[in-house]
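This report refers to the structure that appears directly beneath it.
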Amino acid sequence: GYAEQPMAQTRRNRSRGRSPRPYRQPRSRALPALVAASAGLIALLSVFLPWYRTNLGEPATVGHASGWEATGIGKAVVALAVIWVIAALFAASDDFGTIRLDVRTIEGLGYLVALCAVLAGVLVAYRIARPPGPAPDFLSRDFGLVVAGLACIAGVVAGAAMAARR
């Protein structure tokens with residue numbers, strides 16, 4: 001929004017015969033919503049990265065399985081990430097003046113982002129602790145799980161920052 005200029009600047013402008021111009025606040029208010037949207041997008045994309053790798057030894061071939069292929073939990077993470085990204089983009093659109101939302105709505109969107117990120121993080125943590133399949137001892141965790149977990153942590157922090165701003 002617009003804020004008034006400091007008193008010294010206003011006097012200076014009046015002495016020159018110009019009316020004072022309001023200046024815009026920096027866009028730092030949009031940062032939590034943009035971080036939340038980015039983290040949600042990363043969480044969504046990480047489901048399609050390798051989550052598991054076979055751990056059978058030398059004669060066997062090494063296979064990879066994404067979160068989408070390996071388990072239904074990956075599909076739930078995608079659904080949560082879509083809700084999370086949409087909520088964050090709505091909050092960011094208010095900061096850029098596209099859609100006008102009141103403070104309580106933005107706070108609620110922040111809580112929604114944090115809730116979706118927490119739920120997705122719990123699902124990812126469960127899959128880190130308990131790989132799927134009848135023989136989980138033959139599976140190693142791959143980097144997609146780590147990316148998903150880090151994105152969920154970033155989403156929780158950004159959602160809390162969205163909810164805390166007033």
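All values derive from a computational prediction rather than experimental measurement.
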Who passes side-chain contact (heavy atoms from CB on, under 4.5 Å) against [X], sequence neighbours left out?
X: Ala70; answer: Tyr52, Ala65, Pro132
X: Leu115; answer: Leu119
X: Ala91; answer: Ala33, Ile106, Leu109, Met162

Going hydrophobic residue to hydrophobic residue with side-chain gaps under 4.5 angstrom, can you get from [X] over to [Y]?
X: Val113; Y: Leu101; value: yes
X: Ile42; Y: Val122; value: no
X: Val47; Y: Ile73; value: yes
X: Leu150; Y: Leu145; value: no

- Message: Rounded at 0.5 Å granularity, tell me how far CG in Leu31 sits from OG in Ser38.
- Response: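 That separation rounds to 9.0 Å.
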
- Message: What's the separation between atom OG in Ser66 and atom CG in Asp142, rounded to the nearest 0.5 Å?
- Response: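 The distance works out to 10.5 Å.
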
Of all heavy-atom pairs between [X] and [Y], which one has the smallest distance, and what is that distance?
X: Leu123; Y: Ala76; answer: CD1-CB, 3.8 Å
X: Leu89; Y: Ala37; answer: CD2-CB, 3.9 Å
X: Gly74; Y: Trp51; answer: CA-CH2, 4.1 Å
X: Ala114; Y: Ala160; answer: CB-N, 4.2 Å
X: Ala158; Y: Pro32; answer: CB-O, 3.5 Å
X: Pro131; Y: Ala129; answer: CD-O, 3.7 Å

- Could you tell me which residues satisfy side-chain hydrogen bond (donor to acceptor under 3.5 Å, both in side chains) with Thr105, sequence neighbours excluded, listed by chain and number?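 Listed in chain order: Asp102.
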
- Message: Using side chain to side chain contact (heavy atoms under 4.5 Å, CB included), reason through Cys116 and Leu112 one step at a time and then give a plain yes or no.
- Response: CA-CA 6 Å; Cys116 287; Leu112 179 62; 4.1 Å; yes

Listing, residues 79-88 side-chain donor-acceptor contacts under 3.5 Å, not counting sequence neighbours, or none:
| residue | atom | partner | partner atom | Å |
| --- | --- | --- | --- | --- |
| Trp84 | NE1 | Ala36 | O | 3.0 |

- Message: Whether the side chain of Arg141 engages the backbone of Ile128 through a donor-acceptor N/O pair (distance < 3.5 Å, no angle test) should be reported.
- Response: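 It does hold such a pair.
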
- By ring-ring contact (aromatic ring centres under 6.0 Å, His included), which residues pair with Phe48, not counting sequence neighbours?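 Once residues adjacent in sequence are excluded, the partners of Phe48 under the ring-ring contact (aromatic ring centres under 6.0 Å, His included) criterion are Trp68.
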
- Query: Are Asp94 and Ile99 side-chain neighbours, meaning at least one heavy-atom pair lies under 4.5 Å?
  - Reply: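 No. Closest side-chain heavy atoms not under 4.5 Å.
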
